A.B. asks: 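Following this message is one structure expressed as structure tokens.
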Protein chains: 4
Amino acid sequence: MNVRTPDPNPGWLSEEDLFEARGRLPMVYVEAVPVRLDPLGFVNEVGTLLQADADGNMIRTLVSGRVLYRETIRAALLRHMEKDLGPLAFPQLPISPVPFTVAEYFPSPSHTGFTDDRQHAVALAYIIPVTGECSPRQDALELTWMTPQEVMSSDVQLEFSGGRGALIRQALAFAGVGN
Amino acid sequence: MNVRTPDPNPGWLSEEDLFEARGRLPMVYVEAVPVRLDPLGFVNEVGTLLQADADGNMIRTLVSGRVLYRETIRAALLRHMEKDLGPLAFPQLPISPVPFTVAEYFPSPSHTGFTDDRQHAVALAYIIPVTGECSPRQDALELTWMTPQEVMSSDVQLEFSGGRGALIRQALAFAGVGN
Amino acid sequence: MNVRTPDPNPGWLSEEDLFEARGRLPMVYVEAVPVRLDPLGFVNEVGTLLQADADGNMIRTLVSGRVLYRETIRAALLRHMEKDLGPLAFPQLPISPVPFTVAEYFPSPSHTGFTDDRQHAVALAYIIPVTGECSPRQDALELTWMTPQEVMSSDVQLEFSGGRGALIRQALAFAGVGN
Amino acid sequence: MNVRTPDPNPGWLSEEDLFEARGRLPMVYVEAVPVRLDPLGFVNEVGTLLQADADGNMIRTLVSGRVLYRETIRAALLRHMEKDLGPLAFPQLPISPVPFTVAEYFPSPSHTGFTDDRQHAVALAYIIPVTGECSPRQDALELTWMTPQEVMSSDVQLEFSGGRGALIRQALAFAGVGN
């Protein structure tokens, strides 16, 4: 971040500068709950990603990532959906920029229940229907589709980290899934 | 409404009883703003219906209609979309039952700016993307697709009746179309 | 509903006519989740009403009631809040007519999880902060204030009827209470 | 941003580092539309700030500012409301973290219609009712209260910069103000 000369990738920070920025500024994130809908728009299935964390523990997570400099929210959503679900998922991007919730992740202990050890992230969260074939990228070990009831069961809720179990429950509440 | 014996069509009122009910009870309506989206979810075009009113004046309107007894909101939306845009419109029904606004139509003069001489109607309003071919039914003379800028122009706004010009502006505001 | 002569109370149906209409038309309802907020807008407490049903069983419920003919949603909310919480509750009516959810109550078994044996009701649900003194009317045996955690506990959830436990969870999800 | 030793104000960047970060990362902002409501929750008046820009031109703007590291959205809203409207405004912070819109400001020309020459800012926008006395800080030359009709008039709309005229229209659309 100490380069004042023109920069070929102005939207990209070096790893070191990003590390620094994460200790000083809230980061803008998007978070997506992939769903499959029935023809009337009811949620049939919710997609979650199972991956190993830094310590090798398996954790369940959602499609999530940073919004880059000069990138729109919709473009960031599309980029992260493609990264995590592959190029043939055919996500339906939201009509409105209004998220179903805003999740504020803080280094723990958190004010809000959402935690992220690396940073303070403000995540705009959307439900994203997909209609195509999903094939997770390599480092996500598994993409799992579950019914709303399964994803809200205590067993599955315990596998989420950082408060994302609550985020899923908020998504399903917004979708009118009463449990 | 004076029939106490079993009734073959319990969800249907006779014309006379419906006339009476409209003078005594608020009616539940759904209203849909059909849109075509670009791949990122931005509104490219808005669909409106041009039809003759009882006096033969041409008025511009939206997809709109009553929710029947024991009918869900989603089923009512689908039924009215099919009635007005044909069976091949392929509407994407909303993920959430939360409307972008609730339009309260009153016999004029109105408390809210929305008027309907026939009744007090509480209309849940949704933006509905369509991806297929639209062919309006006979009594709607014309289905017109316009850009957001065109539909918000003063000329077109004047063609709407009952406050539906404002409803369209609310829909586009929700979609983040800044005008 | 068979009176065609002018009527002193056009917004009121006779008991018999209301009974008939409830078997033929969806009714418009408002439903309110009363809350007390801390100075930053976080939910401190949720108010619920404990009352006896027709069979003498104690059930937990919310502020709820019909929208009358020619009555706005806001006026109906204010009227039902005053009826159930008294004239000194000082409710803060919502800025927007957009509800946090729309609960569709059907005679059981239900399409949506919300049930009401008497009717098909479409309820627009709002969170309503109160700042004053609440004194429930006589036929509500008890107004209880609970923390979000208490109201979401399994014991309390079991006391709700008609799906209103899920409605409260949707309200708290909208308020960002992660549980 | 090149300091790795402990820092007494970790949430604050030096002016230089903030300048650098603004060219590399989207900034998290909150934006507030102050309103005065009538007892039923309808918008009576909208508050706007009239101030001189860097070139001495008078521009109309809203309450707006950055979310600091480790600061919640609600705390940022409260801080910026107090800074711009004084300590006795008594703002009612929102029940939900869901904004009425998300305004994406880009260095012009913009993808979204919202522009900010200094930075890429993602602003979560809220309507904030105030019930107390407002006294703008010194560098805001004037706080003006206008009716919804006045603030949407072409004359006043032209005084807004960066797309905030559209933001106000979106706020009033969300509040159900039909124009």
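Bear in mind the structure is a predicted one, so any value in this text is a computation, not a measurement.
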A.B. asks: Which one wins on heavy-atom pair count under 4.5 Å against chain B: Pro91(A), Gly41(A), Pro94(A)?
C.D. replies: Gly41(A)
A.B. asks: Find the distance between CZ (Arg74(B)) and CG (Asp38(A)) and round it off to the nearest 0.5 Å.
C.D. replies: 8.0 Å
A.B. asks: Does atom CD of Glu133(A) have more than 12 heavy-atom neighbours from other groups under 6.0 Å away?
C.D. replies: no
A.B. asks: By a 4.5 Å heavy-atom criterion (distance strictly below it), what part of Leu37(B) contacts chain A: side chain, backbone, both, or neither?
C.D. replies: side chain
A.B. asks: Where does Ile95(A) contact chain B at under 4.5 Å (heavy atoms): side chain, backbone, both or neither?
C.D. replies: both
A.B. asks: Which atoms of Phe100(A) are under 4.5 Å from chain B, going by heavy atoms: the side chain, the backbone, both sets, or neither?
C.D. replies: neither
A.B. asks: Please state whether the side chain, the backbone, both or neither of Leu78(A) comes within less than 4.5 Å of a heavy atom of chain B.
C.D. replies: side chain
